[in-house]
Amino acid sequence: MERPHTVLRVSLHHPAPGPTAFTHVPPRLQHDTSPLLVGRGPDAHLRLQLPHLSRRHLSLEPYLEKGGALLTFNLKALSRKGCVWVNGLTLRFLEQVPLSAVNRVAFSGVQMVVHVDGGTSLEAFVCFFHLSPSPLIYRLQAEETEEWEGILQEQPPPGPGP
């Protein structure tokens, strides 16, 4: 059986003590196909009370791919001051990236994991929000390793043998 709406399961974490950053986060939000705004401003659909967050920090923008039958999403950075980290990429003002089935997002100290579960409705989607007391992302950036350099340094230089 197909699900009627696309579902975004969004987990949120912020290291600040107390739940004040997330006081305006609803457990469930049904939204039409306009961009879902995240920020601290009164027009944000997901309002977070954080001093370094822009009024309109980012948006989740649904769209229909050509020939597609399911809603797909872009995440777009809307802050001129801050940046948004998405699945290893740093987005600056008005840059955007398509979301996959599971996405790791970080901005202004907030860690957010977005799971996208497709549905048949093209007119709306539903967000379920979960507030996590523990960190969701442990490695914000891909760490470059020097594995090949280490291997090459361990080998003796080419030349006449003993």
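Just so we're clear, the structure is a prediction, and the values are computed from it rather than from any experiment.
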Is a side-chain donor or acceptor of [X] paired with a backbone partner of [Y] at a separation under 3.5 angstrom?
{"X": "H45", "Y": "L37", "result": "yes"}
{"X": "T72", "Y": "L64", "result": "no"}
{"X": "S54", "Y": "R56", "result": "no"}
{"X": "Q49", "Y": "T20", "result": "no"}

To the closest 0.5 Å, what do you measure between CZ (F22) and CG (L46)?
8.5 Å
Euclidean distance, N74 CG relative to L58 CG, rounded to 0.5 Å:
12.0 Å
So do the side chains of [X] and [Y] get within less than 4.5 Å of each other, counting heavy atoms only?
{"X": "L136", "Y": "H13", "answer": "yes"}
{"X": "L29", "Y": "L36", "answer": "yes"}
{"X": "V10", "Y": "F128", "answer": "no"}
{"X": "F73", "Y": "L8", "answer": "yes"}
{"X": "L75", "Y": "N103", "answer": "no"}
{"X": "L71", "Y": "V116", "answer": "no"}

If you group Ile, Leu, Val, Met, Phe, Trp and Tyr by side-chain heavy-atom gaps below 4.5 Å, do F129 and V105 land in one group?
yes
Take N87 and V97, measure what side chain to side chain contact (heavy atoms under 4.5 Å, CB included) needs, and give me the verdict at the end.
CA-CA 9 Å; N87 296 329; V97 65; over 6 Å; no
Any pair with a residue in residues 31-40 that passes side chain to side chain donor-acceptor pair (under 3.5 Å), sequence neighbours left out, goes on the list, sorted by first then second residue, please.
H31-S34, D32-S34
Residues two or more places apart in sequence or in another chain: which of them pass salt bridge (charged side-chain N to carboxylate O under 4.0 Å, His left out) with R92?
none
I need the minimum non-hydrogen distance between G119 and T6, along with the two atoms involved.
N-OG1, 3.2 Å
Sequence neighbours left out, what pairs pass ring pair (Phe, Tyr, Trp, His ring centres under 6.0 Å) with at least one residue falling in residues 87-116?
H57-F107
Step through the shown structure and confirm whether more than 12 heavy atoms of other residues, nucleotides or ligands are within 6.0 Å of NE2 on H24.
yes
